[in-house]
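Report on the structure given below.
This is a predicted model, so every value here is computed, not measured.
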Amino acid sequence: METKDWKAALLMEKKNGYDRMPASEREAMETYCQSYKAFMNAAKTERECVREGVRLAEEKGFRAYERGMELKAGDKVYLDNRGKMLLLAVIGRKSLAEGVQITAAHIDSPRLDLKPSPLYEESELAYLKTHYYGGIRKYQWVTIPLEIHGVVALKDGKTLHVVIGEGNEPKLVVTDLLPHLAKEQSKKTLDEGITGEQLNILVGSEPLEGEEKDRVKLAVMKRLYEKYGFTEADFISAELEVVPAAGAMDIGLDASLIGAYGHDDRVCGYAALKALLDLEEVPDKTAVCVLADKEEIGSVGVSGMQTAAFDTFLEDLCAGQGVPVRACMERSFCLSADVTAAYDPNFGDVFEKRNASFVNYGIGLCKYTGSRGKGGASDASAELVAYVRRIFDENGVIWQMAELGKVDAGGGGTVAAYMANRNIDTLDAGVPVLAMHAPFEVVAKLDCYMTYKGMAAVYRN
């Protein structure tokens, strides 16, 4: 062979996805991304993700799962775990003893949570105290329009759904110090410039007539009571999340990117959900989608990936076929669908370019995550990576290998380790993200669509 033939046969050449994707898929990509943006606008919290996911699933014929119900090949079921975790399954032709094909993503995102006693007045301004959730960069959350989404649970058992600042309603904000007086603040590091206790939400300034003390606070509470029907004491049993007010939107002169709050990890969660809902044929193996909560704080609690809820759901499905759940797990495969860091040339010094993921190069496969010496990683086997390469190539999925950054630059984790701990072969894969964990993240439409195609390939295989 000539040199060029050896080069073609032996060397790997990375290509931009637009040089590889058939022109006939452009319309399908745009259609998918439109539906994704609509989902993002409807689901800014994990509760809203579950609620919207259930709505979409029921439109596609999924039924709420009840323990002991008889299931046959092609049946579609879902389980809503406490309104914050969603598990769905399409029963396959083969016995569960042959294992299941799983995609697992998380639907929580970094944010600000209201404290149990949040409302106070200072210098005739009303504020809400917050406690940040997950890995945020605190300075990014000041001087941007904010909303509050969540629930207030009353003592009588009633749960109120609360959305403050939606649509044309007034927004909320965390203020910052003016540069004219910020000499000392400017000497601090980015991490120290804004502290957690300074992330107080400005919610009002108009006093209530006829009062002398806490007039603004009372006016704010009066408005909340009149609209939603709860009192200050009810904050104690509330889950109210402060999220950016901006909706999902196209980015770039060519509209090739999508900007939104919460791409991490709803961009993968929606892909996993949508691919399962669009599954027209009965799969060989049962296809399972897991949308979990609490990943940003360690996948803990009753709705995180470490919960027994997933094991119980799978065990119940197995019981219907007389299959031990451990026998099912050891022959199962899970694609841990979580985002990875896209190479950003503005901050190229923290990336190892040869092994970084790039915008428009497709879904990123991560053999391991963790930090430094692979700490906290599940580290998928070589055979498993080869398996995913094969099914992606056979199904026209554009993909790339990815690492989060330079070895000693930092790191991160996903739900992969918790699935692998169950003796389930697991590999990380997801959309490369610019400005990950910021209140406004950016992803490429091509990568979003290829992630959807990748999820579909896993279910069909």
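A salt bridge does not link D108 to K84: none of the charged nitrogens lies less than 4.0 Å from a carboxylate oxygen.
By the neighbour-count criterion of 12 heavy atoms within 6.0 Å, atom CD of E59 is densely surrounded, having more than that number from other residues, nucleotides or ligands. Heavy atoms of other residues, nucleotides or ligands lying less than 6.0 angstrom from CG of N168 number 12 at most. More than 12 heavy atoms of other residues, nucleotides or ligands shown are found within 6.0 angstrom of OH on Y18. Annotation for R20: atom CZ counts as buried by contact number, over 12 foreign heavy atoms lying within 6.0 Å. Around atom NZ of K155, no more than 12 heavy atoms belonging to other residues, nucleotides or ligands sit under 6.0 Å away. Residue-environment remark: CD (E192) exceeds the threshold of 12 foreign heavy atoms within 6.0 Å. In Y132, the OH atom is not crowded: 12 or fewer heavy atoms of neighbouring residues, nucleotides or ligands sit closer than 6.0 Å. The 12-atom threshold is not exceeded at CZ of R223, counting heavy atoms of other residues, nucleotides or ligands nearer than 6.0 Å.
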Derivation and outcome, side-chain contact (heavy atoms from CB on, under 4.5 Å), residues N16 and Y361:
CA-CA 5 Å; N16 189 293; Y361 277 66; 3.9 Å; yes
Please report the C-alpha distance between I391 and V458 in whole Å, then the side-chain angles of each, then the deciding distance to 0.1 Å, and finally whether the side-chain contact (heavy atoms from CB on, under 4.5 Å) criterion is met.
CA-CA 7 Å; I391 64 171; V458 169; 4.1 Å; yes
Side chain to side chain donor-acceptor pair (under 3.5 Å) between Y368 and E403, worked out:
CA-CA 8 Å; Y368 46 81; E403 280 193 350; 2.3 Å; yes
If you apply the rule side-chain contact (heavy atoms from CB on, under 4.5 Å), what do you find for I201 with V242, and how did you get there?
CA-CA 9 Å; I201 312 298; V242 182; 3.9 Å; yes
Residue pair W399, V388: steps toward the side-chain contact (heavy atoms from CB on, under 4.5 Å) verdict
CA-CA 10 Å; W399 59 273; V388 176; over 6 Å; no
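Of the candidates T414, L335, I424, D425, I424 is the only one forming a side chain to side chain contact (heavy atoms under 4.5 Å, CB included) with M419.
Judged purely by atom type and a 3.5 angstrom limit, K367 has no side-chain atom pairing as donor or acceptor with the backbone of M401. Proximity of a side-chain donor or acceptor of E241 to a complementary backbone N or O of R111 within less than 3.5 Å is not detected. Under a 3.5 Å cut-off, the side chain of S237 and the backbone N or O of A153 do form a donor-acceptor pair. Counting only distance, with no hydrogens or angles, the side chain of E52 and the backbone of E48 share no donor-acceptor pair below 3.5 Å. R215 places no side-chain N or O within 3.5 Å of a backbone atom of L208 that could act as its donor or acceptor partner. Distance alone, capped at 3.5 Å, places no donor-acceptor pair between the K227 side chain and the V162 backbone. Between the N395 side chain and the V397 main chain, no donor and acceptor come within less than 3.5 Å of each other. Remark: side-chain polar atoms of E121 are paired, donor with acceptor, to backbone N or O of K217 under 3.5 angstrom. With hydrogens and angles ignored, the 3.5 Å screen pairs no side-chain donor or acceptor of E295 with any backbone N or O of M305. Under a 3.5 Å cut-off, the side chain of Y459 and the backbone N or O of A272 do form a donor-acceptor pair.
Between the CG atom in L146 and the CD1 atom in I164 there is a gap of 12.0 Å [rounded to 0.5 Å]. Separating the CG atom in L172 from the CG atom in L128 is a distance of 7.5 Å, to the nearest 0.5 Å. Interatomic distance, CZ of R47 versus CZ of R82, reported as 11.0 Å (0.5 Å rounding). Annotation: the span from L365 atom CG to L384 atom CG amounts to 10.0 Å, rounded to 0.5 Å. One finds the CG atom of D408 at 9.5 Å from the OG atom of S371 (value rounded to the nearest 0.5 Å). Expressed to the nearest 0.5 Å, how far CG of L154 lies from CG of D234 amounts to 5.0 Å.
Minimum heavy-atom separation, G362 to D447: N-OD1, 2.7 Å. Of all heavy-atom pairs between D265 and A105, the closest is OD2-CB, 3.5 Å. In terms of heavy-atom proximity, K44 sits nearest to A245 at NZ-O, 3.2 Å. The two residues S332 and V100 have their closest heavy-atom pair at OG-N, 2.9 Å. Contact detail for H106 and D264: the closest heavy-atom pair is NE2-OD1, 3.2 Å. Residue A126 comes nearest to V216 through the heavy atom pair CB-CG1, 3.6 Å, listed as atom of the first residue, atom of the second, then distance.
Within the 4.5 Å cutoff, the side chain of Y65 has heavy atoms near those of the D316 side chain. Contact annotation: the side chain of K406 never approaches that of V350 to less than 4.5 Å [non-hydrogen atoms, C-beta and beyond]. Using a 4.5 Å cut-off on side-chain heavy atoms (C-beta onward), L446 and S256 make no contact. Side-chain contact check for Q185 versus I194: some heavy-atom pair is nearer than 4.5 Å. Here the side chains of M329 and D311 are in contact, with some heavy-atom distance below 4.5 Å. Looking at heavy atoms from C-beta onward, L199 lies in side-chain contact with K138 at the 4.5 angstrom threshold. Between D113 and Y133, the closest side-chain pair of non-hydrogen atoms falls below 4.5 Å. Taking the side chain as every heavy atom from C-beta outward, Q400 and P432 approach each other to under 4.5 Å.
Using a 3.5 Å distance cut-off with no hydrogens or angles, the side chains of E30 and Y449 do not pair a donor with an acceptor. Judged by distance alone, the side chains of D293 and S303 do bring a donor and an acceptor atom under 3.5 Å apart. In summary, the side chains of E296 and H437 do present a donor paired with an acceptor at a separation below 3.5 Å, with no hydrogens or angles considered. A donor-acceptor pair shorter than 3.5 Å can be found between the side chains of Y452 and D278.
The list of ring pair (Phe, Tyr, Trp, His ring centres under 6.0 Å) pairs with a residue in residues 230-271, not counting sequence neighbours, reads Y32-Y270, Y36-H263, Y36-Y270, F39-Y270, F230-F235.
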